[in-house]
Every structure is written in C-alpha cells, then in structure tokens.
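Below is one structure, written out as structure tokens, with a few remarks after it.
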Amino acid sequence: MQLENNIDTYIKFRVDSSTLYLDKEKAWKKLESKRIILTKKLYSVLSAVAAVLILGIIIIPYNTTKENSNLMSEFEKRQKLIEYESKISGTYIETQICYDCSGKFLTTQVKQVPENQIILNVY
Amino acid sequence: MISKKDRNQFEKDLYYQYADYMYTVCYRYIGNREIAEELLNNGFIKVFGNFEKFEDRGQNSLRSWIKKIMINECLMFLRSKNDLELVEIESLDKNLYLINPGNEIDDQIFSLIKKLPTGYRTVFNLYAIEGYSHAEIARKLKIKESTSRSQLTMARKFLIEHLIKIGYDAIGK
C-alpha cells in the first residue's frame, strides 16, 4: 500500500481496530458521585431562583400597595387642604391622579381653575 | 413508567457497553487519559439526561449518537482551552519531537496521533476518521475552511514522516 495516498484509510483502519480499556467500575463510581454533586448544585440554583420569585410575587407587590396607599392618603390630605383653601379664596380646583400601566401610583397634579369649570380627572 | 432502579441499571449497562469505545474516541481527541475519562463521564451525563431525545434509526445509531455527544464534549473542552490554534508550518518541524513526550500508551497508533499538535489532531480526527467535510469542520471549530485544509495537509505530512521513521510495516503488524 502506497502510504502517501492512503494515509487516512490506514490510520482509520488502525484506529477502528484498536480500543483503549478503562477501569469501568472505578469510572462509573466517579460518574455517580459527579451526578450527585451536579444534582445538589442544581437544587441550590433552583432554590435560589424560587426564593427570588417568591420575593418578586409576594413582597414587592405588597410594598408597592403599601407605598401607593401612603401616597394616596397624603394626596387626600393635600386635596382637602386645597379644597378648603379654594373655598376661602372662592376658586375651584382640578385634580389628576396618574398611574402607570401596572397600576403603580405615579403622581398627582392639583391646580386651580377658573370659576364654573370644576373638573375631577382620575386616570 | 420505568422505575428509578431500572433506569439506573439501564444507564449502568449502557455505560459498561460503550465506555471503552467512547473513552478511545475521547483519548484520540485529547491525548490525556485523565481528561479523556472526565470528558467521557461528562458526555455520559448528557447522554442520560437527553436519552428521551434519541431517535433509533437502526443499526449503530445509538453508538453514533453517543459518539457525537462525546466528540462535541471534546471540542468544547479544546475550544475552552483555546487549544485549536494553527501551528505555523515553519515552526512545526522543530516542534515535532517535543510534543507530548513520555507517552505511556503502548499502542503506537494512538501514540502517534497524540504527538500531533492539537489543531492538526482535531482536524485529522474529524475529517479522516469521522468523515466530516471541511465546511462542517470549519463551522464546528470556528475556523476558515482553508485553515482546516492546511491543518489536514500538515497532519498527513507529520503522520507519513513518522510512520516511515518508525517503520511503516512494523506498525501494521
């Protein structure tokens, strides 16, 4: 056989007919312990993800609601004060309460408007 | 529904049936027994985890499927080590006898493949033994097709020179 022309075939033939032997009992034990470590790691990652999700689902909306109710009560106090002031000064007020798409309270706008144009906008 | 015990036994049987062959495949790419064993086990963990995805297409399809996973595992390892760079043709000759000294494997053919620089060995394995095209090799190794061709040419040159040096007939016996 001309080696230069058949090197691929020759090496493939030699490789296919040769096998290296492994201590399978020992190697299998290593595989099993590696799998246990990987499973533990996976569980700890999943627990961390679950913890983050729980925080996201329960605690953050709770805080947002609390924050919104605080802002609302502040807004109501402020509105009453302005209504009271407007009665004294003889002018009227327009109030706007702004929320974002998720329902989070953003801001309030309160402004005095000319007489006979009482507007109460709630968005 | 297969029980956990049966599943474990099946996985063990599969491992015992294919471990030697797959270990040989990994060794051909890596040239180090310990790393080859580690990659073999990583590969089998993937085999067990993805066994539901295996499609039986007849004779040897399971072996081919497992082998593909093993080869990918080896290529991922080599890429992570940045070990696939092309050795310049000029610098090859002086490095021929310095690569992987002290080989403990008796079989001369593995000893010879192990002596190839990593890039040459990988391309030679993929092209000559696995039967991939240069385009496929280029995609797998993220190199140019021309680089794959030149690596193969140099690998062949290296192997022929060494086979002649150690006595081509002797290795065949």
Side-chain angles (χ1 to χ4, degrees), chain A residues 1-65 100-104, chain B residues 8 11-28 33-34 36-38 40-49 104-113 116 121 124-125 127-131 152-153 155-164 168-169 171-173:
Chain A
M1 185 164 72
Q2 195 70 26
L3 191 61
E4 283 78 3
N5 300 330
N6 296 292
I7 184 71
D8 292 3
T9 315
Y10 175 72
I11 299 281
K12 185 171 165 44
F13 168 75
R14 295 283 295 130
V15 162
D16 285 345
S17 54
S18 311
T19 307
L20 298 175
Y21 294 98
L22 181 70
D23 182 347
K24 287 188 275 291
E25 194 65 49
K26 212 169 144 187
W28 174 253
K29 277 180 187 161
K30 280 187 198 170
L31 183 143
E32 281 189 314
S33 45
K34 190 171 212 169
R35 266 213 293 195
I36 291 167
I37 292 166
L38 284 176
T39 310
K40 278 182 184 169
K41 272 187 189 169
L42 182 68
Y43 276 131
S44 61
V45 169
L46 287 177
S47 313
V49 170
V52 169
L53 285 175
I54 289 166
L55 274 174
I57 292 166
I58 299 170
I59 298 172
I60 294 170
Y62 170 76
N63 280 346
T64 309
T65 312
D100 69 6
C101 299
S102 66
K104 190 178 175 184
Chain B
N8 280 347
E11 288 175 351
K12 195 173 179 180
D13 291 345
L14 198 69
Y15 187 85
Y16 272 62
Q17 189 176 343
Y18 290 107
D20 286 336
Y21 178 76
M22 298 304 162
Y23 175 60
T24 310
V25 170
C26 292
Y27 185 80
R28 254 200 294 120
R33 276 184 176 262
E34 282 176 16
E37 189 185 322
E38 202 180 319
L40 171 88
N41 281 352
N42 290 348
F44 265 108
I45 288 172
K46 286 187 181 158
V47 167
F48 301 150
E104 76 282 12
I105 304 296
D106 291 334
D107 196 301
Q108 283 178 303
I109 203 73
F110 289 113
S111 181
L112 192 58
I113 292 173
L116 283 167
R121 185 171 64 230
F124 186 83
N125 269 320
Y127 186 91
I129 300 174
E130 258 69 67
L152 180 68
T153 305
R156 282 173 176 157
K157 188 182 166 206
F158 176 96
L159 290 168
I160 291 166
E161 279 175 9
H162 277 68
L163 280 168
I164 291 168
Y168 165 50
D169 287 338
I171 202 169
K173 282 174 185 169

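Keep in mind that what you see is a predicted model, and the values were worked out from it rather than measured.
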Could you list which of residues 31-40 of chain A have a heavy atom closer than 4.5 Å to any heavy atom of chain B, in residue-number order?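 Only A:L31, A:K34, A:R35, A:L38 of residues 31-40 of chain A have a heavy atom under 4.5 Å from chain B.
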Considering heavy atoms only, which positions within residues 49-56 of chain A lie below 4.5 Å of chain B?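 Within residues 49-56 of chain A, no residue comes under 4.5 Å of chain B, counting heavy atoms only.
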Can you give me the closest heavy-atom contact between B:A128 and A:D8, atom names plus distance? CB-CG, 3.6 Å
B:I109 and A:S18 have their tightest heavy-atom pair at CG2-OG, 4.2 Å
Give a yes or no on whether the backbone of A:L22 and the side-chain of B:D20 come within a donor-acceptor separation of less than 3.5 Å. yes
The criterion is side chain to side chain contact (heavy atoms under 4.5 Å, CB included); which residues satisfy it with B:K46, sequence neighbours excluded?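 Once residues adjacent in sequence are excluded, the partners of B:K46 under the side chain to side chain contact (heavy atoms under 4.5 Å, CB included) criterion are B:N50, B:I69, B:E73, B:M76.
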Among A:K29, A:K30, A:K26, salt bridge (Lys or Arg N to Asp or Glu O under 4.0 Å) partner for B:E37: A:K30
So do the side chains of B:L159 and A:Y10 get within less than 4.5 Å of each other, counting heavy atoms only?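 In short, these two side chains do not touch, never coming nearer than 4.5 Å.
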Suppose we screen for side-chain hydrogen bond (donor to acceptor under 3.5 Å, both in side chains). Which residues come up paired with A:E25, at least two apart in sequence or across chains?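 Only B:Y16 meet the side-chain hydrogen bond (donor to acceptor under 3.5 Å, both in side chains) criterion with A:E25.
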Check A:D16, A:T19, A:V15 against B:T24 for a side chain to side chain contact (heavy atoms under 4.5 Å, CB included) and give me the one that passes.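 One option only clears the test, and that one is A:T19.
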Distance col, row B:R28:CZ vs A:L20:CG, nearest 0.5 angstrom, shows 10.0 Å
Gap separating the NZ atom of A:K24 from the CD atom of B:Q17, nearest 0.5 angstrom: 10.5 Å
Heavy-atom distance under 4.5 Å to chain A: side chain of B:E130, backbone, both or neither? neither
